[in-house]
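Every chain is numbered from 1 and lettered A, B, ... according to where its sequence line falls, protein lines coming before strand lines.
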2 protein chains.
Amino acid sequence: MLTAAGFHVLLALASGRGHGYAVMRFVEEISGGAVKLRPGTLYRTINRLVADGLVEESDAGDPAAPHDARRRYYQLTPQGERAAREEAELMTRLVTAAREAGLIT
Amino acid sequence: MLTAAGFHVLLALASGRGHGYAVMRFVEEISGGAVKLRPGTLYRTINRLVADGLVEESDAGDPAAPHDARRRYYQLTPQGERAAREEAELMTRLVTAAREAGLIT
DNA sequence: TCTGGTTATATCCGGCGTGGATATAACTAT
DNA sequence: ATAGTTATATCCACGCCGGATATAACCAGA
């Protein structure tokens with residue numbers, strides 16, 4: 001199973017957030033500020049995902065965005081997409097169970 | 001945020017799995033065998049949840065079940081139920097995002 | 001132009017949580 | 001009786017995370 005941080009990063013990349021800092025903001029956004037991926041966790045997680053073949057660096061960023069030399073862009077590999085999908089499916093089952101248990105509506 | 005194991009335990013208890021070993025089977029069931037809560041993680045997690053006030057031991061188990069002296073029964077505290085609900089709501093948002101990203105249907 | 005705030009990446013340390021193994025013992029069925 | 005399953009508990013090594021610190025590029029406004 002992926003770590004929570006690992007899934008957050010994959011999901012952010014699948015949602016079109018191409019570089020590290022954008023991933024950080026995505027996670028904060030989607031959780032309503034409850035979850036924060038700090039630099040230490042963020043960049044280490046990205047490096048691990050690259051080492052595991054789930055993510056790869058892509059030389060070109062969004063061509064519409066203004067150039068920023070600091071940014072490093074990433075994208076999912078097919079394996080990363082598969083892993084993210086499996087994790088999302090597991091999560092769907094957990095949400096269904098939470099609904100059946102009356103925790104959420 | 002809860003750890004993955006912590007949420008699994010709370011969800012299992014909310015789903016009427018009263019004792020430790022039943023929690024273990026619940027997690028294995030719901031994940032289709034992909035996730036296994038091993039003894040080391042399971043009982044340490046339960047103890048931590050008790051220490052944090054999210055779970056409490058309940059002296060009586062299911063009266064319909066045959067008595068088994070080894071079993072220790074647990075239930076959610078109001079605080080535990082709140083924590084589980086918040087985590088489930090966060091997870092719902094993640095699943096929605098995964099759907100919007102085309103990861104799942 | 002220079003200055004402050006934000007964006008962006010990177011690394012270190014201490015500590016917490018996990019996986020896997022091992023142990024023990026009570027149940028159950030044959 | 002005895003073998004297999006159910007059930008709880010604890011240990012060690014390792015991996016991951018939070019928080020802090022560092023560095024530097026970008027941008028807006030004075």
Of the nucleotides [options], which one has an atom closest to the side chain of [X]?
| X | options | value |
| --- | --- | --- |
| B/Arg72 | D/dA9, C/dG19, C/dT9 | D/dA9 |
| A/Thr41 | C/dA8, D/dA9, D/dG18 | D/dG18 |
| B/Pro39 | D/dT10, C/dT9, D/dA7 | D/dT10 |
| B/Asp68 | C/dT9, D/dA9, C/dC27 | C/dC27 |
| A/Ala5 | D/dT8, D/dC17, C/dA8 | D/dC17 |
| A/Ala69 | D/dA25, C/dT11, D/dA9 | D/dA25 |

Within the 4.0 Å heavy-atom criterion, would you say [X] contacts the bases, only the backbone, or no part of the nucleic acid?
| X | value |
| --- | --- |
| B/Gly20 | sugar-phosphate |
| B/Thr3 | sugar-phosphate |
| A/Ala4 | nothing |

Inset, instruction - State whether A/Glu29 and A/Arg17 are salt-bridged, where the test is any N-O pair (Lys NZ or Arg NE/NH1/NH2 against Asp/Glu carboxylate O) under 4.0 Å. - result: yes
Legend entry - Shared hydrophobic cluster for A/Tyr73 and A/Val55 (ILVMFWY, side-chain gaps under 4.5 Å): no
Legend entry - Toward the 5' end of DNA chain D, by each residue's nearest nucleotide, A/Thr45 or B/Met24: B/Met24
Round to a whole Å and report the spacing from [atom1] of [X] to [atom2] of [N].
| X | N | atom1 | atom2 | value |
| --- | --- | --- | --- | --- |
| B/Leu2 | D/dC17 | CG | P | 16 Å |
| A/Arg44 | D/dG15 | CZ | P | 13 Å |
| A/Leu37 | D/dA20 | CG | P | 16 Å |
| B/Leu42 | D/dT10 | CG | P | 13 Å |
| A/Ile46 | D/dC17 | CD1 | C1' | 15 Å |
| A/Tyr21 | D/dA25 | OH | C1' | 13 Å |
| A/Phe7 | D/dC16 | CZ | P | 18 Å |
| A/Asn47 | C/dT11 | CG | P | 7 Å |

Inset, instruction - Spell out, as yes or no, whether a donor-acceptor pair under 3.5 Å connects the side chain of B/Thr41 to the backbone of B/Leu37. - result: no
Check the phosphate of [N] against [X], side-chain N and O only, distance under 4.0 Å to OP1 or OP2. Yes or no?
| X | N | answer |
| --- | --- | --- |
| A/Arg38 | D/dG18 | no |
| A/Arg48 | D/dC17 | yes |
| A/Arg25 | C/dA8 | yes |
| B/Tyr43 | D/dA9 | no |

How close do [X] and [Y] get, heavy atom to heavy atom, and via which atoms?
| X | Y | result |
| --- | --- | --- |
| A/Glu87 | A/Leu2 | OE1-N, 3.5 Å |
| B/Leu42 | B/Gly20 | CD2-O, 3.4 Å |
| B/Leu10 | B/Gly80 | CD1-O, 3.8 Å |

